[in-house]
Amino acid sequence: MYAQERQQEIVSRARNIGRVSVAELADRFDVTPETIRRDLDALSAQGLLSRVHGGAVPAGKLRLAEASLGTRAEAAPREKLAIAAKAVELLPHTESLTVLLDAGTTTGQLCELLPDQVSLVITNSVPSAGTLSMRPGLDVTLLGGQVRGITQATVGAQTVEALESLRVDVAFVGSNGFSTDHGFSTPDPSEAAIKRAMVQAANEVYVLADSSKWGIDYLVRFAGLDAVTALVTDAALPGEAAQVLRAAGLRVEVAGSQSLSPARAG
């Protein structure tokens, strides 16, 4: 295969699954890692890919900026509702469940869907706390801390400290982006600290993220793929992306379909 043909296929693969790695491409094309690095450098110089540690992503996939809560609420509302409905199905079949609910537009959809078996919700989302507090028979705790205007989430040392003293049944956590190399990530370090503490505080952790966030890396990783129980996403996630995630050991729950368990050796 000529270099130009190989590079065209590399770009196509990156756009399809969101990210390519040097090691995987070297094996795929039966060339040296140095050859792949030269390919990626050339494609980066042309503006077709963005280089990242160990590989590349499609140009424009690396992000630092964060959209406002209102802007994100308008994006993919049907998919987010479907994801929330799927997440509710995954709750353990026991009574008096305790739930950690992260701030965000997808996790916020859970407010109207949580079943009566949930007895306590602890959240850092100001809007979600207000909505949930209107439900009879449900105890709601809003974590203290500084409120970030852009996300309406409480953050800071006080919030983290409160989470570090907790142990709950389930945590539903949002993510701005997810990939096999960088895991689950978010732009703001203070929000990442909260998400990380939520992951550590729960027996089961479900990350809720729509498929548009696949292959996008933000500044701060708050969890690796092996740190959560499952990713809950929508049916628009490319099939090849789901296979890559499964091969990396992540359980994937797709709204409207059966779960995709991690690939097993042998």
Side-chain angles (χ1 to χ4, degrees), residues 1 5-33 35-37 39-40 43-44 48-63 76 79-80 82-83 86-87 90 106 173-186 195 199 205-266:
M1 178 182 289
E5 295 174 322
R6 185 175 62 246
Q7 290 174 10
Q8 288 175 347
E9 188 169 338
I10 289 172
V11 172
S12 176
R13 185 168 177 79
R15 288 174 176 171
N16 187 36
I17 66 173
R19 170 184 288 265
V20 290
S21 72
V22 171
E24 183 268 334
L25 291 173
D27 183 66
R28 184 181 185 86
F29 295 111
D30 194 23
V31 296
T32 65
T35 297
I36 295 299
R37 291 189 185 95
D39 286 339
L40 297 183
L43 294 168
S44 177
L48 297 173
L49 295 179
S50 295
R51 290 287 268 122
V52 297
H53 179 70
V57 297
K61 286 291 186 180
L62 285 173
R63 301 185 183 178
E79 289 81 358
K80 292 175 179 178
I83 290 169
K86 181 68 173 182
L90 304 176
T106 307
V173 183
S175 184
N176 297 77
F178 62 96
S179 69
T180 51
D181 289 343
H182 197 47
F184 300 101
S185 58
T186 191
K195 295 175 186 291
V199 169
V205 180
Y206 296 98
V207 175
L208 279 55
D210 67 78
S211 58
S212 70
K213 297 171 182 176
W214 159 246
I216 297 175
D217 290 338
Y218 281 84
L219 180 64
V220 188
R221 179 176 70 171
F222 64 86
L225 300 185
D226 60 348
V228 307
T229 306
L231 164 71
V232 189
T233 189
D234 61 87
L237 182 73
E240 190 170 0
Q243 292 175 5
V244 169
L245 290 166
R246 290 176 60 218
L250 179 66
R251 173 181 160 196
V252 180
E253 294 282 352
V254 179
S257 67
Q258 294 182 341
S259 63
L260 301 173
S261 300
R264 304 274 182 195

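Interatomic distance, R251 CZ to L90 CG, rounded to the nearest 0.5 Å: 6.0 Å. Taken from CG in L49 to CZ in R13, the straight-line distance is 13.0 Å, to the nearest 0.5 Å. For the atom pair L43 CG and R51 CZ, the distance stands at 9.5 Å (nearest 0.5 Å). How far CD of Q7 is from CD1 of I10: 6.5 Å, rounded to the nearest 0.5 Å. The line from CD of E9 to CZ of R6 is 10.0 Å long, rounded to the nearest 0.5 Å. In this structure, CG on L208 lies 11.0 Å from CG on D234, to the nearest 0.5 angstrom.
Using a 4.5 Å heavy-atom threshold, the side chains of L25 and D39 count as separate. A 4.5 Å side-chain heavy-atom check between K195 and F184 finds every atom pair outside the cut-off. Under the 4.5 Å side-chain criterion, counting only non-hydrogen atoms from C-beta, I216 is not in contact with N176. For the pair T35 and F29, the minimum side-chain heavy-atom distance is 4.5 Å or more. Between W214 and T233, every side-chain heavy-atom pair lies at or beyond the 4.5 Å cut-off. The side-chain heavy atoms of K86 and V254, taken from C-beta on, include no pair separated by under 4.5 Å.
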>> Assess the residue pair D181 and S179 against the criterion (side-chain hydrogen bond (donor to acceptor under 3.5 Å, both in side chains)); give the C-alpha distance rounded to whole Å, side-chain angles, the decisive distance to 0.1 Å, and a yes or no.
In response: CA-CA 6 Å; D181 289 343; S179 69; over 6 Å; no
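Residue A87 comes nearest to V232 through the heavy atom pair N-CG1, 4.1 Å, listed as atom of the first residue, atom of the second, then distance. Shown here for L231 and A209, the closest heavy-atom pair between the two residues is CD1-CB, 4.1 Å. Here the closest non-hydrogen pair linking L225 and A248 is CD1-CB, 3.8 Å. Closest of all the heavy-atom pairs between A255 and I83 is CB-N, 4.0 Å. Residues L219 and H182 share a closest heavy-atom pair of O-NE2, 4.0 Å. Of all heavy-atom pairs spanning S175 and V207, the tightest one is CB-CG1, 3.8 Å.
The side chain to side chain contact (heavy atoms under 4.5 Å, CB included) test with V22 singles out one residue from D27, I36, T32, and that residue is I36.
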